Protein chains: 2
Amino acid sequence: MRSFVAVVDAGRFQDAADDLSITQQAVSKRIATLERTLGVRLFTRTARGARLTVDGQAFLPHARDLLRVEERALASVRPGRRPLRVDVIGRRLAPASVLGGFHRARPEVELDVVTLFDAGAAVEALASGSIDASFRAVDRSRLPGDIGAVRVFDEPVQLLTGPGHPLADATAVTPADLAGHLIWMPGIVAGTEWAAYYETLAAAFGLTIEVTGPGFGTDPLLDTLAGSPSLATFVGELTRLVWPSEQGLRRIAVHDPTPVYPHSLIWRRGNPHAALGDLREHLGAVKQGTGTWTPEWATEAA
Amino acid sequence: MRSFVAVVDAGRFQDAADDLSITQQAVSKRIATLERTLGVRLFTRTARGARLTVDGQAFLPHARDLLRVEERALASVRPGRRPLRVDVIGRRLAPASVLGGFHRARPEVELDVVTLFDAGAAVEALASGSIDASFRAVDRSRLPGDIGAVRVFDEPVQLLTGPGHPLADATAVTPADLAGHLIWMPGIVAGTEWAAYYETLAAAFGLTIEVTGPGFGTDPLLDTLAGSPSLATFVGELTRLVWPSEQGLRRIAVHDPTPVYPHSLIWRRGNPHAALGDLREHLGAVKQGTGTWTPEWATEAA
DNA sequence: TAGCGGCCACAACGTTTCGTTGTGCGGCCC
DNA sequence: GGGCCGCACAACGAAACGTTGTGGCCGCTA
């Protein structure tokens with residue numbers, strides 16, 4: 001493939017061979033193999049070099065694309081001057097959306113998105129340099145001194161129920177209203193910062209949160225939820241659900257106070273990656289709302 | 001690379017090996033080679049399979065991209081059900097722009113753009129099936145019966161001069177005004193349909209068109225034009241010039257009548273490619289303007 | 001805690017692929 | 001028509017690849 005593009009650019013097999021530091025015969029053999037694989041002739045051989053056939057012309061931009069993508073793939077893991085690598089809590093959750101907004105605003109900034117286990121793993125990864133930034137809810141007082149943090153987004157928590165749930169038709173509920181109901185959150189992983197968030201939330205308002213084993217993915221969770229008259233769960237306002245439309249799930253706002261999930265951007269101080277400043281600048285800091293609730297351990301991350 | 005994605009999807013080397021119809025050891029060796037090439041570890045090996053590292057997560061979307069691009073590259077030359085392949089007279093000229101408009105309107109239609117020598121080559125390529133459609137100025141009466149043609153775009157011809165040319169400050173000129181001036185069009189290739197167009201144009205209005213040898217590309221042409229007090233050339237209204245801004249070139253409209261270049265879409269009747277109908281539908285037929293001039297041989301292509 | 005099973009890595013070997021050298025064939029151009 | 005330029009074919013050695021066979025590590029279980 002690289003030989004093909006080299007021949008197109010050079011116009012002659014011999015010149016392409018020089019560019020590739022191999023012999024003309026090797027280039028000839030490579031092109032012949034490629035043509036045999038594709039089943040079409042890519043060049044017309046003339047006495048003055050090689051010219052593209054129609055098939056070759058059609059193939060060329062795709063070949064260039066391939067080399068470009070390969071270059072990007074290599075760059076994504078190249079130590080030093082690689083794309084900005086950002087950890088998000090989940091690809092369908094608010095941080096991913098926020099990062100998408102940054103990408104739309106600054107499309108020239110190369111990004112790679114990864115998902116780590118929890119905030120602790122994110123801090124380790126930041127310290128070791130394997131990622132450049134992370135969106136997590138953190139207890140700022142417990143962060144190492146070389147890790148910076150800015151609370152960038154407070155996401156209201158909503159109640160998610162099926163159509164048969166007693167609260168399904170409410171326009172809004174208060175945390176106190178939920179005291180008698182079962183909040184079902186399978187797939188929650190003990191020890192993670194989001195588990196801690198929901199535990200704190202439950203304790204603060206006397207809620208009952210049930211965690212039945214590891215989750216089997218969100219789809220069966222939502223299916224079960226849609227068919228249950230008693231189960232409800234919490235979900236972030238910006239969480240994108242891929243519900244097959246007719247599941248009839250209801251998102252119900254929570255007020256007085258509104259629990260908000262405190263997403264912070266965290267990074268290692270001294271990380272010289274230029275795009276890191278762009279990201280922080282784009283995000284700014286959240287304006288702390290009134291009438292909201294968030295765990296005390298998170299409020300220090302101003 | 002394909003093995004890497006297979007392992008990610010399967011979660012275990014052995015399962016990936018089954019998918020690829022090779023042995024587990026071969027997969028292991030491929031991954032090890034890839035990791036050595038990239039200089040990073042892509043998987044953490046556990047007793048229950050292989051999980052992506054952070055680097056692996058960052059690398060994965062690029063790897064998928066690569067496979068996707070490869071698939072498109074293969075499709076571009078696959079006989080039968082390949083992308084719609086359209087010939088344009090030049091990548092910076094009106095037909096390419098029109099095709100770009102179609103692509104924006106129907107981004108789901110896969111397109112490959114090629115450039116053939118002239119209308120004759122395009123007709124041959126249509127007949128042989130190596131292309132699906134072409135934008136050319138054609139003499140409809142001379143087309144084979146199985147080649148369809150619709151005049152889809154009349155492009156006004158403009159005069160292009162440098163700032164020192166006597167007509168540089170004119171807002172518009174008539175063809176008759178040009179009789180005393182030299183029209184310089186290097187790079188015009190005898191025997192092509194666009195050479196025929198300009199020859200007919202010159203003959204119709206008594207113009208002097210000079211063709212000095214093969215062109216050396218458009219950039220030196222425009223440089224020469226910008227610095228000359230006597231040279232002018234014709235250019236299509238939609239031709240995109242990449243002039244380095246400060247060349248000071250002037251585009252001057254031509255009126256009474258306005259010569260228009262009659263772009264037609266031509267295709268082989270009976271070509272079953274579904275996208276061909278989409279393209280024809282998108283283009284429609286040109287509404288013949290008044291006060292314009294075009295060669296008689298082109299007017300039959302109604 | 002010892003045994004077992006699942007999973008991946010290492011080693012050795014045969015086959016295939018790749019690149020090289022040497023040579024042949026067919027157009028242009030003078 | 002001879003010379004030259006440019007690509008293809010042939011033969012050979014080297015490197016890469018995939019296979020079989022085996023070993024080590026981890027987690028689960030009795």
Side-chain angles (χ1 to χ4, degrees), chain A residues 1-57 59-60 63 66-67 70 74 117 189-191 213-214, chain B residues 1-57 59-60 63 66-67 70 74 117 189-191 213-214:
Chain A
M1 194 70 82
R2 201 180 306 281
S3 301
F4 170 70
V5 174
V7 171
V8 172
D9 291 340
R12 275 186 294 272
F13 280 39
Q14 181 59 63
D15 295 357
D18 294 342
D19 294 343
L20 298 167
S21 302
I22 56 175
T23 61
Q24 167 266 315
Q25 289 89 334
V27 174
S28 175
K29 205 185 275 190
R30 283 186 181 180
I31 299 298
T33 303
L34 182 59
E35 288 180 333
R36 187 155 17 88
T37 305
L38 297 176
V40 297
R41 206 144 184 76
L42 296 173
F43 292 103
T44 57
R45 280 74 164 173
T46 75
R48 264 197 305 282
R51 299 167 55 90
L52 284 172
T53 62
V54 172
D55 285 312
Q57 285 190 47
F59 189 66
L60 176 58
L66 202 70
L67 298 184
E70 186 218 18
L74 295 181
F117 177 68
V189 180
Chain B
M1 191 71 81
R2 200 181 309 278
S3 301
F4 169 71
V5 174
V7 171
V8 173
D9 291 340
R12 275 187 295 271
F13 280 39
Q14 182 59 63
D15 295 357
D18 294 342
D19 294 344
L20 298 167
S21 303
I22 56 177
T23 62
Q24 168 266 317
Q25 290 87 335
V27 174
S28 175
K29 203 186 277 191
R30 283 186 181 180
I31 300 298
T33 304
L34 182 59
E35 288 179 332
R36 188 154 18 85
T37 305
L38 298 177
V40 297
R41 205 143 184 79
L42 296 173
F43 292 103
T44 57
R45 280 75 164 172
T46 77
R48 266 198 303 283
R51 300 167 55 87
L52 283 173
T53 62
V54 173
D55 284 314
Q57 285 190 47
F59 189 65
L60 176 58
L66 202 69
L67 297 185
E70 186 217 18
L74 295 181
F117 178 68
V189 180

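Bear in mind the structure is a predicted one, so any value in this text is a computation, not a measurement. Below, read A as the first sequence line, B as the second, and so on, with proteins coming before strands; counting in each chain starts at 1.
Between T23(B) and dG18(D) there is no side-chain N or O to OP1 or OP2 distance below 4.0 Å.
For the segment residues 26-51 of chain A, the set of residues with a heavy atom within less than 4.0 Å of an atom of DNA chain D comprises S28(A), K29(A), R45(A), A47(A), G49(A), A50(A), in numerical order.
Where DNA chain C meets chain A (any atom under 4.0 Å from a heavy atom), the bounding nucleotides read 5' to 3' are dG19(C) to dC29(C).
You'll find the side chain of T53(A) stays beyond 4.5 Å of the side chain of F59(A), heavy atoms only.
Contact detail for A10(A) and A16(A): the closest heavy-atom pair is CB-N, 3.6 Å. Considering every non-hydrogen atom in both A63(A) and F4(A), the closest pair reads CB-CD2, 3.8 Å.
One can place CG of D18(B) at 11 Å from P of dT19(D), the figure rounded to the nearest angstrom. At whole-Å resolution of the value, CD in Q14(A) and P in dA8(D) are 12 Å apart.
Rounding to the nearest 0.5 angstrom, the gap separating the CZ atom in R51(A) from the CZ atom in R12(A) is 12.5 Å. Atom CG in L60(B) sits 12.5 Å away from atom CG in D55(B) (nearest 0.5 Å). Taken to the nearest 0.5 Å, the CZ atom of R48(B) stands 6.0 Å off from the OG1 atom of T46(B).
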Anything under 3.5 Å between a donor and an acceptor, one on a side chain of residues 26-41 of chain B, the other on a protein residue two or more places apart or in another chain? List them.
unit_1: R30(B); atom_1: NH1; unit_2: S3(B); atom_2: OG; d: 2.8
unit_1: T33(B); atom_1: OG1; unit_2: K29(B); atom_2: O; d: 2.8
unit_1: E35(B); atom_1: OE1; unit_2: R45(B); atom_2: NH1; d: 3.4
unit_1: E35(B); atom_1: OE1; unit_2: R45(B); atom_2: NH2; d: 3.1
unit_1: E35(B); atom_1: OE2; unit_2: L42(B); atom_2: N; d: 2.8
unit_1: E35(B); atom_1: OE2; unit_2: F43(B); atom_2: N; d: 3.3
unit_1: E35(B); atom_1: OE2; unit_2: R45(B); atom_2: NH1; d: 3.0
unit_1: T37(B); atom_1: OG1; unit_2: T33(B); atom_2: O; d: 2.8

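Map Q24(A) and I22(B) each onto its nearest nucleotide of DNA chain D; the residue landing nearer the 5' end is Q24(A).
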- Message: For E70(B) and R2(B): C-alpha separation, side-chain torsions, deciding distance, then whether side-chain contact (heavy atoms from CB on, under 4.5 Å) applies.
- Response: CA-CA 11 Å; E70(B) 186 217 18; R2(B) 200 181 309 278; 3.0 Å; yes

